[in-house]
Amino acid sequence: MRFSNSHLAEKSHHDHHLQRERWAWFGPLLRSFLGITAIVSFSFFFFFSSLTPPNPFLVLRPKLLGLQSVHDPIASPPKEKRRCNLFKGNWVKDVKRAAMYTNWSCPTIPESKNCFKQGRKDMDFVNWRWKPDECELPRFDSMAFLHLLRGKKLAFIGDSVARNHMESLLCILSQVETPEDVYKDSEDRFRRWYFPKSEVTLMMLWTKFLVAGEERVVNGTGTGVFDLQFDKLDDGWTRHLPDIDYAVFSNGHWFFRVMYLHEGTNITNCVYCSDPNVTNHDPDFALKMAFRAAFKYVNDCKSCGKLVTFVRTFSPSHFENGVWNTGGYCNRTGPSSAKDINLESFDWKMREVQIEEIEKVKREGETRRFEVIDVTMAMMMRADGHPGEFWGNKWMKGYNDCVHWCLPGPIDAWNDFLMALITKDS
């Protein structure tokens with residue numbers, strides 16, 4: 001049956017009239033019922049309240065049904081939160097977790113670290129993340145990091161691997177804010193980048209040994225023999241220290257050279273020398289003395305304010321069948337396991353002396369904060385992460401780079417560690 005508009009209007013008016021008649025008798029009845037219910041509920045509440053005192057640890061939480069108990073610290077003390085060792089674990093495959101940047105999205109990757117641009121074809125080495133044994137390592141959050149460091153300066157103090165670390169962080173942060181290249185020295189060793197919106201500064205303060213060190217020169221040619229002065233620091237980084245809020249110290253690879261170790265005018269020890277009147281040591285001894293001198297300087301710095309100091313432990317190279325100038329190469333395409341790590345290796349000894357020195361200075365310095373970014377175990381498993389032959393050096397063809405790290409690559413996990421440490425007490 002079809003209805004005209006007038007029929008529909010008349011039917012609507014009739015229905016509305018019926019609803020008004022029904023409410024005329026139902027409304028008062030409903031109001032009476034609600035009133036009686038409220039009186040009974042209030043009486044029950046008053047009665048039971050008089051029997052049991054209110055629990056101050058019960059609160060009504062928004063968007064939750066019922067009452068939830070707030071922990072009473074006196075009645076049942078909380079279990080002590082167990083700290084997880086972020087640096088003990090394994091690399092796990094995680095193809096779904098894309099890299100935080102690519103060699104296309106980060107324009108600041110140096111040619112020598114841009115492995116894909118230089119012809120590397122395998123890509124699986126970027127599909128792994130570091131998994132601590134007893135917890136998860138939070139992924140780096142660029143916006144949160146820039147917010148935490150607003151108006152502050154973060155400096156990387158060390159050799160070219162320290163710069164590699166800074167370059168990784170620069171790529172990650174540049175995905176959310178474009179940095180300005182504000183300073184570069186003539187040798188491209190000292191760099192400064194500035195993020196104008198967050199007012200964050202990243203600095204690279206290049207130093208071979210942390211302490212003062214000079215190469216012996218004969219007839220205008222370097223000999224590869226160095227003199228290190230342990231009672232004098234390299235002023236390339238010390239003069240900037242009072243202006244820095246966070247400092248990441250790292251070093252190691254320059255210590256595998258013939259070196260004479262001085263205190264004042266006396267040669268006290270040496271590394272890789274054959275002089276009968278001088279005590280010969282392995283490189284880890286010189287590394288220990290250098291970090292000891294550097295940390296003492298940091299600890300005694302009266303003008304350094306609330307400087308937070310990190311040491312990033314030794315990052316191993318992975319040359320196989322030789323070293324850099326004798327045909328050594330690194331052509332692996334995936335990580336190894338923790339069970340394959342040799343804790344008797346020299347890489348581990350280099351890490352151990354750094355840990356010893358920072359623990360020593362933490363005991364001596366009660367007010368300054370020192371932290372360890374312990375990357376050695378994780379990176380001993382990543383022989384696949386180096387540029388190898390894909391580093392684009394036209395003047396050194398045939399040589400492989402098994403010291404530095406591809407960008408993007410496993411080195412990006414160093415910044416996951418860094419952020420975890422910066423935020424742990426925030």
Side-chain angles (χ1 to χ4, degrees), residues 81-109 113 125-156 162-180 192-204 244-248 250 306-313 369 371-375 378-379 382 385 405-426:
K81 187 177 180 180
R82 184 172 63 180
R83 284 189 177 274
C84 169
N85 184 350
L86 293 175
F87 311 111
K88 184 181 180 183
N90 263 296
W91 294 92
V92 297
K93 194 72 171 287
D94 194 350
V95 179
K96 294 181 180 179
R97 176 171 152 161
M100 289 179 278
Y101 62 95
T102 69
N103 65 322
W104 290 102
S105 69
C106 180
T108 58
I109 301 177
K113 316 298 188 332
F125 74 97
V126 302
N127 295 327
W128 299 81
R129 64 179 174 85
W130 179 251
K131 171 66 176 68
D133 288 338
E134 298 178 345
C135 62
E136 293 290 336
L137 175 63
R139 197 168 200 202
F140 192 94
D141 185 328
S142 298
M143 293 297 294
F145 188 87
L146 289 171
H147 177 75
L148 282 170
L149 268 68
R150 174 171 292 278
K152 298 186 183 299
K153 294 182 175 68
L154 167 61
F156 293 84
R163 174 170 169 163
N164 206 173
H165 188 178
M166 185 205 72
E167 291 161 348
S168 166
L169 180 59
L170 185 66
C171 278
I172 295 171
L173 295 177
S174 68
Q175 305 307 294
V176 298
E177 183 178 343
T178 302
E180 298 175 356
R192 190 179 303 120
W193 296 84
Y194 181 67
F195 293 83
K197 292 182 180 178
S198 53
E199 300 178 340
V200 172
T201 300
L202 297 186
M203 303 170 66
M204 175 62 212
I244 295 169
D245 300 286
Y246 296 91
V248 181
S250 60
K306 295 182 179 180
L307 173 67
V308 178
T309 303
F310 301 89
V311 57
R312 195 261 302 151
T313 61
R369 181 180 168 191
E371 300 283 356
V372 178
I373 309 173
D374 191 357
V375 306
M379 306 317 285
R382 295 310 303 265
W405 303 89
C406 293
L407 297 174
I411 190 176
D412 297 322
W414 296 5
N415 292 305
D416 293 335
F417 290 140
L418 176 62
M419 184 165 188
L421 292 174
I422 286 178
T423 59
K424 75 172 189 176
D425 295 325
S426 298

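Along the sequence shown, the residues carry numbers beginning at 1.
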Nearest heavy-atom contact between Arg312 and Ala162 is NH2-N, 3.7 Å

Just so I know, are the side chains of Arg139 and Met100 near enough to count as touching, which here means a heavy-atom distance under 4.5 Å?
yes

Could you grab the distance from atom CG of Asn164 to atom CD1 of Ile411, nearest 0.5 Å is fine?
3.5 Å

Are side-chain heavy atoms of Leu407 and Asp412 found at a separation under 4.5 Å?
yes

Min side-chain heavy-atom separation Tyr246-Val248 under 4.5 Å
no

Restricting to non-hydrogen atoms, name the atom on Arg150 and the atom on Lys197 that form the minimum distance, rounded to 0.1 Å.
NH1-O, 3.1 Å

Give a yes or no on whether the backbone of Tyr101 and the side-chain of Ser105 come within a donor-acceptor separation of less than 3.5 Å.
no

d(Lys424 NZ, Met419 CE) to nearest 0.5 Å is 15.0 Å

With a 4.5 Å limit on heavy-atom distance, are the side chains of Asp133 and Asn85 in contact?
no

Does Trp130 reach the main-chain N or O of Leu86 with its side chain, forming a donor-acceptor pair under 3.5 Å?
yes

Minimum-distance pair of heavy atoms, taken over all atoms of Leu137 and Pro132
N-CD, 3.7 Å

Partners passing ring-ring contact (aromatic ring centres under 6.0 Å, His included) against Phe125 (at least two apart in sequence or in another chain)
Phe116

With the side chain counted from C-beta on, respond yes when Thr201 and Arg192 share a heavy-atom pair under 4.5 Å apart, and no when they do not.
yes

For Trp405, enumerate each residue passing the side-chain hydrogen bond (donor to acceptor under 3.5 Å, both in side chains) test, keeping only those at least two apart in sequence or located in another chain.
Ser315

Quick one: pull up CE in Met204 and CZ in Phe156 and give me the separation to the nearest 0.5 Å.
9.0 Å

Go through the structure and list residues passing side-chain hydrogen bond (donor to acceptor under 3.5 Å, both in side chains) with Thr313, not counting sequence neighbours.
Asp374, Thr376

Measuring from Thr108:OG1 to Met166:CE, what's the distance to the nearest 0.5 Å?
8.0 Å

How far apart are the closest heavy atoms of Val200 and Leu146, and which atoms are they?
CG2-O, 3.8 Å

Residues that Thr178 engages under side chain to side chain contact (heavy atoms under 4.5 Å, CB included), provided they are two or more places apart
none

Closest approach of Pro179 to Leu170 (non-hydrogen atoms, all atoms of both residues):
CG-CD1, 3.8 Å

Rounded to the nearest 0.5 angstrom, the OG-CG distance for Ser198 and Leu148 is 11.0 Å

Beyond-backbone contact of Glu180 with Phe195, side-chain heavy atoms, under 4.5 angstrom
no

Distance (rounded to the nearest 0.5 Å) between His165 NE2 and Phe417 CZ:
10.0 Å

Check whether any side-chain heavy atom of Leu421 sits under 4.5 Å from a side-chain heavy atom of Val372, and report yes or no.
no

Sequence neighbours excluded, which residues qualify as side chain to side chain contact (heavy atoms under 4.5 Å, CB included) partners of Ser142?
Phe140, Ile172, Leu173, Val176

Please examine the side chains of Leu149 and Asp245, heavy atoms only from C-beta on, and report whether any two atoms are closer than 4.5 Å.
no

What donor-acceptor contacts under 3.5 angstrom involve side-chain atoms of residues 87-94, with partners at least two apart or in another chain?
residue: Asn90; atom: OD1; partner: Ala338; partner atom: N; Å: 3.0
residue: Trp91; atom: NE1; partner: Ala378; partner atom: O; Å: 2.9
residue: Lys93; atom: NZ; partner: Asp124; partner atom: OD1; Å: 3.2
residue: Asp94; atom: OD1; partner: Arg97; partner atom: N; Å: 3.3
residue: Asp94; atom: OD2; partner: Arg129; partner atom: NE; Å: 2.8

